[in-house]
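We name chains A, B, ... by the order of the sequence lines, and we start the count at 1 in each one.
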2 protein chains.
Amino acid sequence: MTTLIEYLHRTIAVSDRLQQEIDRITRQRTVEKGQYLLRAGERCDVLRFVEQGLLRGYYIEQEKEITNWLAIDGEFATSFYSFITREASTESIEAIETTVLSEIKYADLQALYRDFPETERIGRILTENYYIKLEGRLLASHFKTAKERYEQLMDAHPILLQRAPLGYIASYLGISQETLSRIRAQY
Amino acid sequence: MTTLIEYLHRTIAVSDRLQQEIDRITRQRTVEKGQYLLRAGERCDVLRFVEQGLLRGYYIEQEKEITNWLAIDGEFATSFYSFITREASTESIEAIETTVLSEIKYADLQALYRDFPETERIGRILTENYYIKLEGRLLASHFKTAKERYEQLMDAHPILLQRAPLGYIASYLGISQETLSRIRAQY
DNA sequence: GATAGTTTTTGACATAGGTCAAAAACGGGG
DNA sequence: CCCCGTTTTTGACCTATGTCAAAAACTATC
């Protein structure tokens, strides 16, 4: 279990006043396994942070579900595209496990950026970190074999492999479920 | 030709004082075709903005050059990973054309963030935009065919196709040069 | 602990796109 | 306008991974 506020303290200096404001605009809640936090077509109006549990973001392409990301304890879980651009999301977000999360509304976050400019820094650093991760995924996708990508994930997030169904992981890695199953059989 | 300062004005409100400070820390320079701006192993200590020209970032994997990005007029061209993490870059940056660019040193940028908190916003928005672009590339890489990816690039950056050598574009799209050549032959 | 639903595995087969090698086309300096 | 180096194209062949389908292994519910 990692709370949002712990995460923030690790990223920037949080003054008492800021702390209070964050507490005020943050809402904690629990969603049951199988519940949806966002449906494709809706606009994503909250920044979500997974304190404990597991969510997945996916969208439908050619009648197939494509898992775009998996967010586990201590990670943000928002349809970034929709949240940033303010357009309708093509992604849906579903709870794979019963999940405890903290949420901040878009408008509240913008006001926070305005009233506490130091929080722009959080937004920036956070996005920078996510950018770097994504870059790694892209390079892997282009130039690593399915097996190498699986091994990379095994190193980085071994827990994920135990908690998320195989099909979602395969889709996340950009390989078919059958291929992933065969890779796994080699061990 | 798009100058950095034009770009910034489009992104945030730039006060006179800020404008002056940016002018002070920004250095414009020209690099000839074939020159290097960064070599793998060095740390990337400047934020670069291409005002006019074309740069590419690439790295070597299994004796092969992999083009990671191409930056044309009006785009930033920095080894983000190295610039953000302060580690040595695995990327090299080379000028494909004679290029005019503006540079800001890392330390100057950090001071700018500190003294003009509103510039954190630029950093954040800029990274957000780059994040979204990258996300699109990743999805395309996983679930689109080579041809579809090429067509996507043709729509988004037709100019690039005329200015960058085929091999770099192929590598950027994550396909072999031969395959790209064959795709192109179909038109 | 039998039933039904879901998830994973296995098998057979198809194909997009990779690799290697050679030929052709292009481009710029003399 | 010719030559040399580079870039692109073409051809032949190979392989990783996808697809479809069925069997097997789980999981949860009554």
A.B. asks: In terms of side-chain heavy atoms, does B:E87 have a donor or acceptor partner in B:Y81 at a distance below 3.5 Å?
C.D. replies: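 Looking only at side-chain atoms, B:Y81 and B:E87 do form a donor-acceptor pair, the distance falling under 3.5 Å.
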
A.B. asks: Is there a donor and acceptor pair closer than 3.5 Å between the side chain of A:R182 and the base of C:dG11?
C.D. replies: yes

A.B. asks: If I take atom CD in residue A:Q177 and atom C1' in nucleotide D:dG18, what distance separates them, rounded to the nearest angstrom?
C.D. replies: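 For the pair A:Q177 CD and D:dG18 C1', the rounded distance is 13 Å.
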
A.B. asks: For A:E178 and C:dC13, give me the distance from atom CD to atom C1', rounded to whole Å.
C.D. replies: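 Result: 13 Å.
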
A.B. asks: Look at all strands and tell whether B:K147 reaches a base, only sugar-phosphate, or nothing, counting heavy atoms closer than 4.0 Å.
C.D. replies: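 Nothing, no heavy atom under 4.0 Å.
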
A.B. asks: I want to know whether B:Y7 and B:F76 have ring centres closer than 6.0 Å.
C.D. replies: yes

A.B. asks: Quiz question: by atom type and distance under 3.5 Å, do the side chains of B:S82 and B:R43 form a donor-acceptor pair?
C.D. replies: no

A.B. asks: Among C:dG17, C:dT10, C:dG18, find the nucleotide with the atom closest to the side chain of B:A146.
C.D. replies: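 Minimum distance to the B:A146 side chain belongs to C:dG17.
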
A.B. asks: Quickly work out the A:I183 CD1 to C:dT9 C1' distance and round it to whole Å.
C.D. replies: 14 Å

A.B. asks: Hey, is the side chain of A:T179 poking within less than 4.0 Å of OP1 or OP2 on D:dG18, counting only N and O atoms?
C.D. replies: yes

A.B. asks: Any base atoms under 4.0 Å from B:I175, or only sugar-phosphate, or nothing? Heavy atoms, all strands.
C.D. replies: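 Touches sugar-phosphate only.
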
A.B. asks: Rounded to the nearest angstrom, tell me the gap between atom CG in B:L180 and atom C1' in D:dT7.
C.D. replies: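 Distance check: B:L180 CG to D:dT7 C1' gives 13 Å.
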
A.B. asks: Could you work out which one of C:dT9, D:dT17, D:dT9 sits closest to the side chain of B:L166?
C.D. replies: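 Closest nucleotide among those given: D:dT9.
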
A.B. asks: Less than 6.0 angstrom from the centroid, inside 45 degrees of the normal: does B:R149 satisfy that with respect to the ring of B:Y172?
C.D. replies: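 No, B:R149 does not sit over the ring of B:Y172.
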
A.B. asks: Before giving the answer on side-chain contact (heavy atoms from CB on, under 4.5 Å), spell out for B:R24 and B:Q20 the whole-Å C-alpha distance, their side-chain angles and the decisive distance to 0.1 Å.
C.D. replies: CA-CA 6 Å; B:R24 196 183 67 77; B:Q20 272 176 24; over 6 Å; no

A.B. asks: Would you kindly give the CD1-to-P distance between A:I96 and C:dT7, to the nearest whole Å?
C.D. replies: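 Taking CD1 of A:I96 and P of C:dT7, I get 11 Å after rounding.
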
A.B. asks: To the nearest Å, give me how far apart CG (B:L173) and P (C:dA16) are.
C.D. replies: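 Result: 18 Å.
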
A.B. asks: Are A:Y131 and B:Y131 close enough that their ring centers fall under 6.0 Å?
C.D. replies: no

A.B. asks: Check the distance between C:dA16's P and B:F143's CZ and give it to me in whole angstrom.
C.D. replies: 18 Å

A.B. asks: Below the 4.0 Å mark, does C:dG27 have OP1 or OP2 next to a side-chain nitrogen or oxygen of B:K33?
C.D. replies: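 The answer is no; no side-chain N or O of B:K33 sits under 4.0 Å from OP1 or OP2.
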
A.B. asks: At how many degrees, to 10°, do the end axes of the helix from C:dG1-D:dC30 to C:dG30-D:dC1 meet when each uses five pairs?
C.D. replies: 40°

A.B. asks: Can you measure B:R184 atom CZ to C:dC26 atom C1' for me and round it to whole angstrom units?
C.D. replies: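 The distance from CZ of B:R184 to C1' of C:dC26 comes to 12 Å, rounded to the nearest Å.
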
A.B. asks: Verify, without hydrogens or angle tests, whether A:S89 (side chain) and A:S79 (backbone) share a donor-acceptor contact under 3.5 angstrom.
C.D. replies: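 A pair under 3.5 Å: no.
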
A.B. asks: Please compare B:A185 and B:Y168 by the position of their nearest nucleotide in DNA chain D and report the one closer to 5'.
C.D. replies: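 That would be B:Y168.
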
A.B. asks: Between B:A164 and A:K64, who's closer to the 5' end of DNA chain D by nearest nucleotide?
C.D. replies: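 Nearer the 5' end of the strand: B:A164.
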
